[in-house]
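Here is the naming used below: chain letters follow the sequence lines, and residue numbers restart at 1 for every chain.
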Amino acid sequence: MKWLNDFRELFRRDQVWSVMLPKQVDVNLDKNIALYIEDLNVSFDGFKAINQLNLYIKEGELRCLIGANGAGKTTLMDIVTGKTKPDSGSVWFGQNHDLLGYDEAAIARLGIGRKFQKPTVFEELSVFDNLELSLKTNKSVLPTLFARLSHQQDKRIAQVLETIGLTEQRQLAAGALSHGQKQWLEIGMLLASDCRLLLVDEPVAGMTAEETEKTAELLNKLAGEHTVVVVEHDMEFVRSIARTVTVLHQGSVLAEGSMDDIQKNKEVIEVYLGEEHAEGSEAAL
Amino acid sequence: MKLFSSIFNFKRSGEPGAVIVPFVALLFVVTLFAALGNLVFPEGSVLHVSTYSITLLGKYLCYAMLALAVDVVWGYCGILSLGHAAFFALGGYGMGMYLMRQIGDRGVYGNALLPDFMVFLNWESLPWYWFGFDHFGFAMLMALLVPALLAFVFGWLAFRSRVTGVYLSIMTQALTYALMLAFFRNEMGFGGNNGLTDFKDILGFSLQSDTTRVVLLAITSLLLSLLLILSHAIMKSRFGKVIVAVRDSESRARFLGYRTERYKVWLFVYSAVIAAIAGVLYVPQIGIINPGEFTPINSIEIVIWVAIGGRGTLVGAVLGALLVNYAKTRLTAIFPEAWLFALGALFVVVTLFLPKGLFGLAGSIRKKLLPSPAAVKEVKS
Amino acid sequence: MNRYRCHYLLSNSLKLLFGFLLFVFSSFSYSQTIAELHHELTNVTLSKTKSVLEKIVQTDDETNLHLFETMLAGNLYFDTSDHSLLVLEKVDGVEQIKDFYSAEVRAIDRSDAKKIRVNNALRTYLRASIARIQLTAKDDTVRKEAVESLYKKVDKTTFATVVELRSQETNKAVQSAMDLLIDMNDAQFNKNEQQRIAAINRLAKSLEPAVRNMLVTIANQTEVPKVAAAATQALQTIEAKIGFYNKLDTVFFGLSLGSILLLASIGLAITFGVMGVINMAHGEMIMLGAYTTYVVQLLMPNHIDQSIIVAIPLAFTVSALVGIVIERGVIQFLHGRPLETLLATFGISLILQQLVRSIFSPLNRQVNTPSWMSGSVEINPVLFITLNRLYIFFFALIVFAALLVILRKTSLGLNVRAVSQNRNMARALGIKTARVDALTFGLGSGIAGIAGVALSQLTNVGPNLGQSYIIDSFMVVVFGGVGNLFGTLVAAFTLGIANKLFEPMVGAVLSSILVLVFIILFIQKRPKGLFPQKGRAAE
Amino acid sequence: MIRIKNLNQHYGGTQILWDLNLDIAEGSCTCIMGRNGVGKTTLLKAIMGLLPTTSGEIEFQGKALQNRSAEFRAPAGIGYVPQGREIFPLLTVEENLRLGLQARNDGLKTIPEKVYQLFPVLKEMLNRRGGDLSGGQQQQLAIGRALVTDPRVLILDEPNEGIQPNIVSQIGDVILKLNEQDGLTVILIEQKLGFARRVGKEFRLMEKGSIVAADRMENLNDQLIRQYLAV
Amino acid sequence: ADTIKVGVLHSLSGTMAISETTLKDTVLMMIEEQNKKGGLLGKQLEAVVVDPASNWPLFAEKGRELITQEKVDVIFGSWTSVSRKSVLPVLEELNGLMFYPVQYEGEESSKNVFYTGAAPNQQAIPAVDYLMNDLEVERWVLAGTDYVYPRTTNKILEAYLESKGVAKEDIMINYTPFGHSDWQSIIADIKKFGSEGKKTAVVSTINGDANVPFYKELGNQGVSAEDIPVVAFSVGEEELSGFDTAPLVGHLAAWNYFQSVESDANTAFIKKWKAFAGEDRVTNDPMEATYIGFNLWVNAVEKAGTTDVDAVEQAIIGLSVPNLTGGTATMGANHHLTKPVLIGEIQDDGQFEVVWETDGEVAGDAWSDFLPESAKLIADWTAPIKCGNYNTETGVCSGQNY
Ligand SMILES: Nc1ncnc2c1ncn2[C@@H]1O[C@H](COP(=O)(O)OP(=O)(O)OP(=O)(O)O)[C@@H](O)[C@H]1O
Ligand SMILES: Nc1ncnc2c1ncn2[C@@H]1O[C@H](COP(=O)(O)OP(=O)(O)OP(=O)(O)O)[C@@H](O)[C@H]1O
Ligand SMILES: NC(N)=O
Ligand SMILES: [Mg+2]
Ligand SMILES: [Mg+2]
């Protein structure tokens with residue numbers, strides 16, 4: 001009877017027709033919380049990937065999400081960005097946006113950007129074009145058709161290129177980049193998009209120690225103005241950026257706290273860190 | 001216009017764009033030459049161009065436009081439409097209906113109101129959907145609007161439901177197949193299998209006159225040039241980049257905030273309109289439109305023209321259409337009983353040895369001859 | 001069970017019997033008249049033949065059955081020189097001219113033997129006459145059929161004969177056939193109203209069309225209202241049953257169409273569904289299979305019944321080999337460019353079509369149906385299942401099962417899936433991708449060839465054969481879900497049955513259109529077909 | 001065991017490997033390092049025969065490989081764990097593993113238990129599609145699959161990418177064990193110095209498509225690191 | 001020119017190649033023979049063969065090519081009505097000449113076309129008369145492929161049957177798409193329709209490829225000619241050679257020629273054909289129409305002393321040549337021939353046996369008398385009317401393009 005409800009909706013007197021409402025209301029962050037995730041559940045063919053998960057991310061925070069392989073970190077990001085629909089639970093962006101009711105594009109337009117675990121870029125477009133498409137602009141059809149690269153935007157892209165060290169490859173097709181370069185490009189796309197909330201899945205996989213450091217620096221700089229959620233397995237890296245760390249295990253939160261607390265946590269050591277990375281051990285070879 | 005400013009900026013725009021201006025110029029020269037050759041130079045003169053060649057050229061150019069339409073969606077957005085002949089045919093039927101109404105009482109039964117095929121099938125009155133088609137403007141509007149609307153509805157349904165890849169291809173094929181069966185039915189009121197034919201004149205000009213033919217050819221050539229330039233401009237715009245991005249990774253584009261389904265729908269509609277224009281121009285030059293135009297094989301052939309020319313290159317698609325159709329004309333005349341071997345072999349050989357089509361071949365020959373400075377730089381870096 | 005076949009066997013054995021009898025009696029037994037009549041038969045025009053036959057029937061001569069059957073089969077000839085009757089028979093594909101009476105082979109020129117022509121009216125008359133003679137035949141089924149042939153129309157004397165024979169009849173089936181005839185007679189002509197009604201009530205159990213037509217007539221005769229009412233009621237019972245059987249019929253038609261779609265598309269489910277080659281030459285692989293069947297029949301003209309069994313492995317081999325050549329020669333160079341395969345295979349399909357056109361001419365070729373596949377099984381008078389379709393239905397299921405086993409249980413099956421998903425990684429694991437590709441494409445093509453054998457039994461064997469199935473095949477594979485064999489099975493039967501459900505309502509043309517629209521709309525609901533690839537990787 | 005001489009390789013018009021020379025001794029455990037994009041993956045692909053090489057020689061156990069097709073190399077004893085995992089996404093975990101069996105020379109028809117001991121998670125997921133696994137799980141599957149082929153030399157391209165820390169150290173243990181106890185030759189591309197130092201016995205540094213430094217791991221000093229690995 | 005060029009416009013590929021290739025061969029054979037006789041007007045005939053590939057617009061293009069580029073003097077071509085309709089404007093514009101050899105729906109008479117196949121009154125109507133009078137048929141199934149020829153023919157037949165007092169519910173009409181291959185339901189329906197007591201017959205205008213599956217299903221479902229005879233207008237010897245006719249013996253076809261007809265001309269023709277095309281080849285009605293058309297053209301050219309279209313057009317009217325069934329074919333002023341109508345029964349050797357024929361030749365009627373609008377029209381290309389669609393009520397000619 002969905003159509004009946006739709007129909008009724010059409011004649012509600014307390015509101016104008018939904019099509020006539022202004023398209024997007026800005027995100028309300030009164031409570032200083034950017035992302036609410038409550039009682040979330042997802043299962044795939046009976047396998048529970050996310051299990052009664054609750055998580056709150058503060059506005060401007062840089063949050064690290066760690067957890068065993070298969071704990072559900074990527075799946076969580078999938079849900080927030082609208083790729084996967086959960087079985088139950090709620091995901092709100094600010095006070096006024098129920099993300100579960102939106103599709104991917106709408107969520108992205110709210111200012112939620114994402115870097116994928118497996119680097120995904122537009123392989124046949126040049127590095128430059130990849131960045132151009134990521135810019136924060138009006139992304140409707142007509143404006144895009146008549147859009148022109150402004151001087152500012154051009155400069156912004158140049159800046160990003162510089163940051164990610166791909167200035168020389170700017171006209172190269174993104175598909176021809178090496179794995180690590182693609183990682184950088186994707187980070188660059190995040191930078192260009194100037195998102196409110198960044199979801200970054202394993203940014204330093206395949207990077208050298210020094211590049212890792214540089215990434216950490218970058219993310220630290222982003223935090224504050226942007227809300228950043230980072231998933232990583234590189235503990236050194238996590239330590240270098242993290243203020244709060246959340247540990248996921250089998251789809252729910254196992255522990256949350258500062259890096260030091262986490263590294264002491266017996267359970268976390270057992271299921272995730274192993275002795276090597278436990279607090280007090282010969283840390284970080 | 002911003003759109004057009006980018007066209008002339010060839011230094012940055014890479015290869016396909018760079019040849020559009022020369023190609024359009026060539027097209028103009030050929031058209032002019034053909035027009036003069038047909039109208040001014042008498043038969044027997046070396047410069048004479050026969051009416052046969054004019055109609056043939058007109059047909060090729062319509063097909064070229066059709067190839068352009070397919071290249072826009074397939075080459076740039078990866079939407080392999082195996083049903084574009086449907087839009088072409090619908091446009092053609094729109095024009096055909098206008099031409100049919102122009103016959104007036106000059107039909108064999110002398111019935112001013114009804115086309116002949118309705119008379120001998122005992123139709124009492126003109127069906128409602130034929131009304132207005134005696135007005136050229138309305139008929140042209142419908143000839144473009146109906147295919148556009150069909151493309152919109154089909155695209156809106158399919159792209160919104162995220163029907164992609166071969167699923168989409170086969171559905172477009174189902175679409176044109178269903179339309180073909182429907183138009184075969186005499187009850188539909190479009191002349192059944194025989195379709196619409198025996199046209200007399202267009203806007204008062206006799207279709208049999210050479211001048212009309214030449215003018216039609218010139219219009220076709222002009223529109224083809226315009227559409228080529230417009231399509232190029234669109235593909236060079238940011239819209240075009242989004243389209244390519246959608247082809248690469250549609251979901252990634254969505255995560256960047258692009259409503260990819262809308263981009264696809266509009267591109268699809270644009271392409272359908274090009275196909276419809278091609279159909280509109282095709283019918284008066286060919287003199288018949290019938291459901292055979294809807295056959296799925298036709299749509300597959302269009303795709304082949306594009307592939308042979310080089311997809312995603314616009315001019316390549318146009319050249320592919322011209323080449324294949326010229327080859328067909330020649331081969332059917334030279335080896336009426338074995339030309340299919342030659343044509344089939346051509347398809348196989350081009351696919352195997354020219355993965356990027358003829359246009360790609362031209363490009364790589366040029367590269368070999370004069371390596372671009374950019375390439376040299378890349379090697380060193 | 002099989003009408004033609006029974007008839008054939010019977011007439012052969014009777015011929016032997018008569019040959020023997022004739023041998024014994026030939027020297028003295030012919031009355032003047034029958035010989036004269038036979039002679040007259042060779043001299044009349046087609047329109048007068050019937051009157052001569054009527055006179056022959058009057059004689060009740062022993063040769064009549066033989067004469068009528070030979071004539072009915074179109075084998076009765078006469079010698080133009082002396083107007084003696086001849087029989088033309090084909091023995092192992094060779095025509096033999098025999099003497100009608102002695103059954104001895106006669107050494108006369110074929111052009112000297114002229115046919116005694118028959119037309120439909122004569123055939124009807126001959127059949128009725130044969131039936132009358134055969135009411136006393138030895139064979140139960142022959143007797144039963146003789147009685148049944150009287151349902152439509154029976155004359156007084158013959159009816160009396162039946163009534164008389166009924167008391168001596170021992171076979172149950174023949175008895176009930178006779179009873180039905182008697183009931184029909186009673187229902188119409190019995191003076192006793194009670195008995196009439198009783199007969200009508202008994203007839204309500206029968207599904208014979210003749211019974212129904214008769215009841216309609218009675219129901220419309222209002223002179224005796226009670227009888228008419230009984231007839232109306234009996235009709236209702238019958239119509240209800242017929243309605244039910246018609247539904248069964250539709251289902252069977254749907255299953256049959258489905259099995260043909262399945263056969264046609266199952267090879268494509270491999271080359272396209274599993275390997276990802278948009279194989280426009282698939283239809284031509286089917287065509288090659290059909291032509292192989294034709295060639296096999298040419299090579300063994302006297303063993304049509306066996307030819308089709310021989311054709312199956314041969315068609316598989318031919319199409320598979322051609323498939324392998326295509327794969328090695330063209331498709332292997334197009335890996336990772338699936339759309340280009342469309343182009344190249346389209347070119348190949350043009351070449352193959354033109355090739356058979358050049359070799360076999362553009363005309364359709366005649367493929368005969370083996371006797372064991374022709375005709376139909378009569379389940380009851382309103383429900384027949386044609387044998388060829390029944391066999392093809394089971395054949396399709398067997399082919400499907402075999403394929404499933406190959407893909408699920410052999411390493412080829414695993415390897416082909418691996419290769420199609422990630423060619424380079426498969427190579428890095430030591431899988432011989434070239435071999436896997438060739439074998440798989442060969443398998444898909446070979447199965448298309450087998451489909452050709454089956455289709456040769458139903459449709460044209462001509463250069464366009466493949467064209468007419470290619471669109472349907474793609475539709476089925478896509479509707480079922482690319483890469484899912486089980487989906488292909490379900491899709492084929494769904495589309496088959498849907499088509500046959502729509503057809504009686506809106507006609508064949510609209511029903512095809514409706515099915516297409518249905519598919520288009522369905523795909524909106526399930527963009528990856530009935531059985532989509534699920535999971536993350538399917539994105 | 002593997003000897004590469006003057007290897008050159010192009011992508012289209014761009015040369016990636018420049019006269020590359022490399023020697024891998026039997027039983028060694030060599031770590032190849034270098035910045036992003038210097039051509040490490042390209043080198044491994046060339047060894048596996050997945051890319052056509054322009055010129056040069058690749059020798060394995062004394063036999064020239066460069067003209068043999070890729071299919072030949074796994075049965076010859078090279079196990080490959082590619083960068084980016086390259087799992088067959090629509091095959092189940094078990095099928096992914098079973099594919100490795102065909103490259104074995106001993107005709108074994110069942111997946112060796114050893115693999116499950118090393119990566120218990122695989123046993124749990126046997127009937128799941130490979131593509132559904134999490135990134136880390138896929139990585140384990142990729143290593144497991146390479147081990148199923150029973151290789152003489154194991155080539156790993158950044159095997160720890162996306163792996164949880166305790167498993168990383170497990171993988172380190174596994175590699176050490178395979179190398180030291182089973183005598184398996186190992187070539188490893190690794191960006192994380194710590195891990196490289198722990199398991200590698202030798203190192204090779206790459207820059208712009210050539211090997212620019214080669215030595216025992218102990219001798220990997222800060223100067224080299226700064227010169228070739230820093231950004 | 002030193003040769004007289006004869007254009008052949010028949011599809012050699014695509015769906016119609018099946019039927020049309022034979023006609024191309026027939027023309028080639030006739031040309032060869034004529035050349036052996038010394039050609040025409042002292043010149044050799046030269047065939048120009050093109051392949052319109054079953055693509056209807058291509059007929060117009062190739063027609064133009066033949067006339068303007070190849071400068072042919074006459075064209076033999078076309079099979080389907082739509083292909084003829086496609087090339088017709090070109091013929092009229094360029095004043096070409098074409099001989100069309102296939103039975104068709106009528107409703108046409110062009111100055112530039114001679115129709116040597118049957119009009120509906122030379123095939124359909126006599127066939128129905130035969131069924132009604134000789135076989136006492138009372139119920140009718142009109143089954144056809146969904147296109148103009150069957151539609152029109154069935155319209156005419158429907159009007160005709162109703163005029164003979166057949167009730168509407170005793171007529172069942174069924175259309176199927178081109179190449180229809182699944183006949184199960186339709187034949188089951190026909191069986192049902194035919195089992196209701198009245199003698200039933202099927203009048204089939206099923207065309208081309210759909211016939212083989214149709215007859216196979218007919219045979220398998222056991223519909224015998226004695227129960228429900230099928231009389232076909234588009235099934236000839238050529239079509240029958242594509243299948244096993246044993247189960248179909250007794251079903252009928254109406255044509256103006258059968259291979260089995262015994263006449264000296266036919267025997268000679270068959271012999272020539274077999275020598276030309278192959279021992280296993282058969283002849284059929286459109287071949288006879290091509291034969292007649294060719295001979296008429298040759299005679300007309302000789303009579304006119306030129307190949308000029310206008311002269312030949314006038315010369316040919318009233319000209320007679322022997323047909324292959326022992327009679328003569330005379331070209332009427334309406335560009336249609338006189339033809340005998342024959343009804344044949346299918347034999348198990350794939351031939352037809354004539355079971356009925358008209359007493360003499362029937363003149364072809366371009367405009368059917370059984371369609372209200374068309375009944376008013378006549379075609380007469382002789383003076384003073386000189387028009388293909390002359391309205392006898394208004395006295396006006398319409399629809400001419402030259
Ligand atoms: N579409 C799917 N179908 C089936 N199972 C799935 C699907 N998506 C995820 N899973 C399962 O859900 C679990 C969580 O996966 P997820 O990718 O979120 O893990 P993760 O925390 O990101 O791990 P990693 O650190 O290894 O990337 C895994 O066990 C995975 O197999
Ligand atoms: N398909 C390709 N076409 C063109 N160039 C390519 C291609 N693949 C890689 N390259 C280029 O080759 C160079 C080497 O790539 P490769 O993948 O070997 O680097 P890598 O050393 O493995 O880097 P990473 O540590 O990031 O994985 C890179 O500069 C890349 O841009
Ligand atoms: N004229 C016909 N049969 O189309
Ligand atoms: Mg993950
Ligand atoms: Mg790499």
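A donor and an acceptor atom, one from each side chain of Asp348(E) and Thr245(E), are nowhere located under 3.5 Å apart. Ser224(E) and Asp227(E) share a donor-acceptor pair across their side chains, judged by distance under 3.5 Å alone. Between Gln351(E) and Gln347(E), the side chains place no donor N or O within less than 3.5 Å of an acceptor N or O (distance only, hydrogens not considered).
Both the backbone and the side chain of Gln221(E) come within contact range of chain C, with heavy atoms under 4.5 Å apart. Only the backbone of Leu12(E) comes within contact range of chain C, with at least one heavy atom under 4.5 Å from a heavy atom of that chain. In this structure, the portion of Glu217(E) lying under 4.5 Å from any heavy atom of chain C is its side chain and not its backbone. Neither the backbone nor the side chain of Lys198(E) comes within contact range of chain C; no heavy atoms are under 4.5 Å apart. When heavy atoms are compared at a cutoff of 4.5 Å, Glu196(E) approaches chain C by way of both its backbone and its side chain. Interface residue Asp209(E): backbone and side-chain heavy atoms are both found under 4.5 Å from chain C. With a threshold of 4.5 angstrom between heavy atoms, Thr22(E) approaches chain C through side-chain atoms but not through N, CA, C or O. Only the side chain of Arg212(C) comes within less than 4.5 Å of a heavy atom of chain E; its backbone N, CA, C and O stay farther away.
Ranked by heavy-atom pairs under 4.5 Å with chain E, the list Arg357(C), Arg389(C), Glu503(C) is led by Arg389(C). By number of non-hydrogen pairs under 4.5 angstrom with chain E, the leading residue of Ser468(C), Gly74(C), Ser256(C) is Ser256(C). Note on Thr250(C), Asn364(C), Val461(C), Leu465(C): by heavy-atom pairs under 4.5 Å with chain E, the leading option is Asn364(C). Of the listed residues (Thr217(C), Asn246(C), Asn213(C), Leu257(C)), the greatest number of heavy-atom pairs within a distance under 4.5 Å of chain E belongs to Asn213(C).
Cation-pi geometry between Arg365(C) and Tyr291(C) is not met at under 6.0 angstrom from the ring centre and within 45 degrees of the axis. With a 6.0 Å cutoff to the six-membered ring centre and a 45° limit on the axis angle, Lys271(E) does not count as a cation-pi contact of Phe276(E).
Checking each of Tyr175(E), Phe178(E), Trp56(E) against Tyr147(E) for a ring pair (Phe, Tyr, Trp, His ring centres under 6.0 Å) leaves exactly one that passes, namely Phe178(E).
Note on ring orientation: taking the six-membered ring where Trp is involved, the planes of Trp356(E) and Tyr130(E) are tilted (angle from 30° to 60°).
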